[in-house]
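One structure is given here, and the rest of the page talks about it.
For this chain, numbers begin at 1 and follow the sequence in order.
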Amino acid sequence: MSNELDGRKIAILAADGVEKVELEQPREVLQQAGAQVAVLSLKSGEIEARNHDLEPAGQIAVDQPVSDASVGDYDGLVLPGGTVNPDKLRLDDTAVSFVREFVDSGKPVAAICHGPWTLVEAGVVAGRRMTSYPSIRTDLRNAGARVVDEEVVVDGNLITSRSPRDLDAFCSKLVEQLAHASAGSTQ
């Protein structure tokens, strides 16, 4: 892969119950493109990952608690899924505020599978064209999103995708959007 994201810093916000592949594959692709990637969470230490929502999948090291993070330190944000992960994030005011501020900043924010639940809680989906895992589409519609069933959807600075089977397209679009944002930035 190229180094089109050299010098860019990307945050992945996740909590216990994160779907392992939805965190690890984007992180790997971003790093291969030259980005520095930090895992943020509700606590320091490690978070528990899952496979298929139910099977334990080991621990993932946390680089920094979201309470100590600043949107200004990052060029993009990734919100992986797993049902437990975004459910925990959306109950934490600091995490929700961080996500809201990130979306409001205009920087790219990518959410896959159940990840958009945190965007709903942040109040940033109204009028946006989005996709997600089928079971949360009603929540997105109720929050005012225009929901479609597509592999990956870009609406302004929001990038959404349906499930782990769409990870290749999601990661490709994520790198593309971050590179585009980087090219247009004054930093």
Taking all heavy atoms of [X] and all of [Y], pick out the closest pair and write down the distance.
{"X": "Glu121", "Y": "Arg90", "value": "CG-O, 3.3 Å"}
{"X": "Glu46", "Y": "Asp16", "value": "O-OD1, 4.3 Å"}
{"X": "Val96", "Y": "Leu89", "value": "CG2-O, 3.6 Å"}
{"X": "Pro86", "Y": "Thr83", "value": "CD-O, 3.6 Å"}
{"X": "Ala15", "Y": "Lys88", "value": "CB-CB, 4.0 Å"}
{"X": "Leu174", "Y": "Ala110", "value": "CD1-CB, 3.7 Å"}

Sub-4.5 Å side-chain heavy-atom contact between [X] and [Y]:
{"X": "Asp149", "Y": "Arg137", "result": "yes"}
{"X": "Leu40", "Y": "Asp63", "result": "no"}
{"X": "Leu119", "Y": "Arg100", "result": "no"}
{"X": "Phe98", "Y": "Val71", "result": "yes"}
{"X": "Arg129", "Y": "Leu158", "result": "no"}
{"X": "Leu140", "Y": "Pro116", "result": "yes"}
{"X": "Asp155", "Y": "Met130", "result": "no"}
{"X": "His114", "Y": "Pro80", "result": "no"}

Mark yes or no for whether [X], through its side chain, and [Y], through its backbone, hold a donor-acceptor pair below 3.5 Å.
{"X": "Glu19", "Y": "His52", "answer": "yes"}
{"X": "Asp166", "Y": "Ala169", "answer": "no"}
{"X": "Asn85", "Y": "Val18", "answer": "no"}
{"X": "Ser172", "Y": "Asp168", "answer": "no"}
{"X": "Thr131", "Y": "Val148", "answer": "yes"}

[Y] reachable from [X] in the ILVMFWY side-chain graph, under 4.5 Å edges:
{"X": "Val109", "Y": "Val120", "answer": "yes"}
{"X": "Leu5", "Y": "Phe102", "answer": "no"}
{"X": "Val153", "Y": "Val103", "answer": "no"}
{"X": "Val125", "Y": "Val147", "answer": "yes"}
{"X": "Ile60", "Y": "Val37", "answer": "yes"}

Without hydrogens or angle criteria, can the side chains of [X] and [Y] be said to hold a donor-acceptor pair below 3.5 Å?
{"X": "Asn3", "Y": "Gln32", "value": "no"}
{"X": "Asp139", "Y": "Trp117", "value": "yes"}
{"X": "Asn157", "Y": "Arg128", "value": "yes"}

Value rounded to 0.5 Å, distance of [atom1] in [X] from [atom2] in [Y]:
{"X": "Ile12", "Y": "Ser41", "atom1": "CD1", "atom2": "OG", "answer": "12.0 Å"}
{"X": "Glu101", "Y": "Asp104", "atom1": "CD", "atom2": "CG", "answer": "8.0 Å"}
{"X": "Gln25", "Y": "Ile112", "atom1": "CD", "atom2": "CD1", "answer": "8.0 Å"}
{"X": "Phe170", "Y": "Glu151", "atom1": "CZ", "atom2": "CD", "answer": "12.0 Å"}
{"X": "Ser70", "Y": "Gln64", "atom1": "OG", "atom2": "CD", "answer": "9.0 Å"}
{"X": "Leu42", "Y": "Thr94", "atom1": "CG", "atom2": "OG1", "answer": "8.5 Å"}

In sequence, state the C-alpha distance, the side-chain angles, and the governing distance for Ile10 and Leu77, and then conclude on side-chain contact (heavy atoms from CB on, under 4.5 Å).
-> CA-CA 6 Å; Ile10 312 302; Leu77 175 65; over 6 Å; no

Greater than 12 external heavy atoms within 6.0 Å of Asp68's CG = yes

Evaluate side-chain contact (heavy atoms from CB on, under 4.5 Å) for Arg162 paired with Ser132, printing each intermediate quantity in order.
-> CA-CA 4 Å; Arg162 300 175 299 196; Ser132 69; over 6 Å; no

Thinking salt bridges, do Glu22 and Lys20 make one under a 4.0 Å N-O criterion?
-> no

Option passing salt bridge (charged side-chain N to carboxylate O under 4.0 Å, His left out) with Asp75 (candidates Lys9, Lys107, Arg8) = Arg8

Start with the C-alpha distance between Gln177 and Val154, add both sets of side-chain angles, then the distance that settles side-chain contact (heavy atoms from CB on, under 4.5 Å), and finish with yes or no.
-> CA-CA 9 Å; Gln177 293 297 307; Val154 177; 3.8 Å; yes

